[in-house]
Every structure is written in structure tokens, then in C-alpha cells.
Amino acid sequence: MSQKTWGGRFSGGTDSRVEAFTESISFDKRLYRHDIQGSQAHARMLAEVGMLTAQEAEQIVRALDDIGADIDAGKMEYKISLEDIHTHIERALIARLGDTGRKLHTGRSRNDQVVTDLKLWTRDAIDELDSLLADLQRSFVESAERERGLILPGYTHLQRAQPVLAAHYFLAYAEKFQRDRERLADCRKRVNVLPLGAAALAGTSLPIDRESVRAKLAFDSVARNSLDVSSDRDFALEFVFCLSLVAAHLSGWAEEWVIWSTTEFNFLDLPDAFCTGSSIMPHKKNPDVLELTRGKAGRVIGALQQLFLLVKGLPLAYNRDLQEDKTALFDAFDTVQGCLAVAAPLVSQTKLRREVIAARIEDGFLDATTLMEALIARGVPMRSAHEVVGNLVRECEQRKCRLADLPAELFPAPEVKAALGVANSLAAFRSYGSTAPAEVERQLGEWKERLK
Ligand code: ARG
């Protein structure tokens, strides 16, 4: 008898080149745990509705556990002639249980099975990412705590703009990764809808109980339309979009720290254990981890494009193109997981060079905007205040000095000079969400509570 699950209709074998071309076992074998989990729930449900005896279901469940243990132990022999993980496991079951094993696929198709496996896998992947993202947030919050009190130059256009507390800087990243976690949690809601029971595309005439399978696999609800189920990969696209945004956030941070680690900036002391050297230039300490984090973002965003191009022209229900979803999905996840695993310790172990930062903190007119605001607070119209301070800055450029060095008589109200200097400037902030010391302190407390 043919080894193919669909062999009955065919005479003769499949061309070996076609087997090599159409296989997915080389990459879907990592779904085996989830495939077994789904099959066990399906078998138990079949017993509940009388399609299997309780004893048959028990045998199937136990044999599937054994097959899982064999795969764990590296004892499964993979063959491209068996195409995918679903077929390998079903064949192994039949080899153990004979006719009982041949009943497992009752009321089910690989079309709903593969989406079920992928959703179970994605759900676990989301949970894993959530915890990695929380670890990274904790690293940023610890740095915020460690560097509290230190004032950094804040940049726009990478030009010195206004002073910010280092704690405010680190907490900005905690916010970005919080949105990523919320996005993933939202994506999880659509992942957590049970596909199994849609069968090939139209459902089944057999008396399956989808609600029972839903409860066993801890899905929130059952997918309503069987025709939609077998073509739905929205969840994979959404998930890879979430991953792409995490990757983009990591990449922006990495770029910033590459710049901050240059001799020109010299803001950071990157830990040796997270840098690499040069084979020819003995003095080099290169930020390769940050560079690769930046580079790998392209790969993740590429996976998103790949998935869009995959689904954009597909008619309803299953088409074999969909087999190609997995490489993009897995690679995007693995890549982001890899980046997060090094990002958290890198952040924790990186020290800001406080003296270097402090030595030039009064450069670049970081206090100019606060000076303007001090004038506004005294009733000067905003546009006039802007012009006055602009003229003062021009004066400083000519005299090669700072605003605080200008004689008091050049200021429209001499007492506004009290707003000058980076420390005074920073102390003047007060709006919600600003870098005002009390505001940052309050938010730091909230973050520590949130990430406990
Ligand atoms: N290997 C296939 C995949 O990963 C499994 C589903 C196959 N279904 C089918 N009707 N050929 O998509």
C-alpha cells in the first residue's frame, strides 16, 4: 500500500524531484509538539461523539505521547516522501496501532490541521516574546534607575535640542516595547480562534464537536466559516507585523547606540562581552551586536513582505502556496527572539560615561527653549520670544560663549537669566509626560510596579 495518505487514487509513485520540491518536513518538523497536542484533543473528542471507543482514543493519545518522546529523543526518521510533520506522525501512529491509528484523521483535513498547529505554535511564540520583551523593559527600567539624576542632551535631527533626564531617555524605550507587548496581546486574540473542524473546506457530515476541541486546546472561540479557515493566514501576517515593529524598535535603538559608542560621541561603555574585535586593527572594539540587530530588522520586515505576496492573489480555501508561510513565520520569530536575547543583557551591562556627557552638557544651547518659555511666561508673545532668543544665540555664536555668559543687559528681563544652564532648564519642566524630575520619578515608580 502507498505510504502517501492520499495514495488510493494514484497509480505509480511520485517523481522524486516532485517529492523534493513539495516537501515541508525540513521546516515544519518543529511543529510536532503542537501537532500532537491538536491530535490528542481531536481523538478525545472523537471518543466523546462515539466515532472512536474510549479505549481507542486512549491508545491513540498514549501512542502520540510515545511518538512525541521519540521525536524528542531524535528517533523519528524523516523522509521527504512523507511530505510533512502531520503525515509523519500519522504514519508513525498507524505503524503502532494499525486500524485504530487509521481512524485518527476522521472528520479532519490537513488543511484545518496545519492552521491549528500553526496557531498553537504562534500562541506559544507570542507568550515567549512577551516574556522576552518584559525582560528587555526591565533592563531599560533598571538603567533608568541607575542613571537617575544624570542629564543627557536630547536630540532632534540628531542636533542638540533640550535636556532630558537619562531616566526619561530609558523609559522612552520601555514605552515602545510596552506598545509591542500590547500589540502582541491583541494579535493573540485572533490567533486564539480554533480552526480545527473546518475540515478540508466545507466542514464535515460527521458528528464532530468543535466546542469540545476548543475547550481542550484552550482556544477562546471556534472559527465560524470553514471556507475562510483554510485560507486564513491573517494571524501569521499580523504576528509578523508585530515582530517587524519590535525589530524596527530594536534597530532604531541599536543605531542610536552605535552612534553613541563612537569616539566622537563616546557616551557609552559597551561591555566587552558584547563587542568584537578586528583581525587587523588591534585597538578596535566593534559594536557588532548592535549592528546585527539593525541588520536583522531587514530580514524580519522582509518576511512580512513575503507573507503579503504569498496571500495577495489566493482564492478561498487551501492552496499549496500556503505551505510557504512557515519559513517566513519561523524565521521572523527566531530572528527577533535572538535579538531580544542579547538586547536585554547588553542594556543592563552598558554604562553611560557620565563624565564625558557632563563635560559637554552645557554645549549646544540646550537651555534656549526654556529661556524662551521664561519670556513667554512673563507675557512676551511666543513668536517675539522665539526671535529674541534666536538673536541671543546668534550673539553667542559670535562671542563663542553660552547664553549664561551673556551680560544681563542683553536680556529683555534680566531675571530670566535664572532659567539658564542645563540644570535650571531641566528643573523648569512641569508638563505631564515631560522630563520634569518629579514626573520622571513618578513614572519610574509606575514602571517598577508594572514590571514586577
Ligand atoms: N504540508 C502542507 C502545508 O504545510 C500541509 C497541508 C497540505 N494540504 C493539502 N491539501 N495538500 O501546507
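Each ligand, and each atom within it, is numbered from 1 in the order the structure gives.
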- Note on the structure: closest protein heavy atom to atom 11 (N) of ligand 1 is Arg110 NH2, 3.6 Å

- Task: Please check if the side chain of Ser244 supplies one atom and the backbone of Val240 the other of a donor-acceptor pair under 3.5 Å.
- Result: yes

- Query: Among all protein non-hydrogen atoms, which one is nearest to atom 8 (N) of ligand 1, and what is the separation to 0.1 Å?
  - Reply: Asn111 OD1, 3.0 Å

- Task: To the nearest 0.5 Å, tell me how far Ile85 CD1 sits from Lys29 NZ.
- Result: 9.0 Å

- Report the nearest protein non-hydrogen atom to atom 4 (O) of ligand 1: residue, atom name, distance rounded to 0.1 Å. Lys326 NZ, 2.8 Å

- Query: Less than 3.5 Å between some nitrogen or oxygen of Arg320 and one of ligand 1, yes or no?
  - Reply: no

- Task: Side-chain contact test, heavy atoms from C-beta onward, threshold under 4.5 Å: evaluate it for Leu129 versus Leu243 and give yes or no.
- Result: yes

- So which bit of Gln113 gets within less than 4.0 Å of ligand 1, heavy atoms only: side chain, backbone, both or neither? neither

- May I ask you to establish whether Lys119 and Phe235 are in a cation-pi arrangement, using a distance under 6.0 Å from NZ or CZ to the six-membered ring centre and at most 45° from the ring axis? yes

- Please name the residue in the list Arg110, Gln113, Lys326 that meets the side chain to side chain donor-acceptor pair (under 3.5 Å) test with Asp84. Arg110

- May I ask you to check if Arg30 and Phe330 form a cation-pi contact, with NZ or CZ under 6.0 angstrom from the six-membered ring centre and within 45° of the axis? yes

- Counting from 1, what ligand 1 atoms have a heavy atom of Glu83 closer than 4.0 Å? 1 (N), 2 (C)

- Item | Shortest protein heavy-atom distance from atom 2 (C) of ligand 1, along with the residue and atom involved | Gln323 OE1, 3.3 Å

- Which residue supplies the protein heavy atom nearest to atom 3 (C) of ligand 1, what is that atom called, and how far is it? Tyr318 OH, 3.3 Å

- Message: Using modelled atom types and a 3.5 Å cut-off, is there a donor and acceptor pairing between side-chain atoms of Arg210 and backbone atoms of Leu194?
- Response: yes

- Item | Any N or O of Asp84 closer than 3.5 Å to N or O of ligand 1 | yes

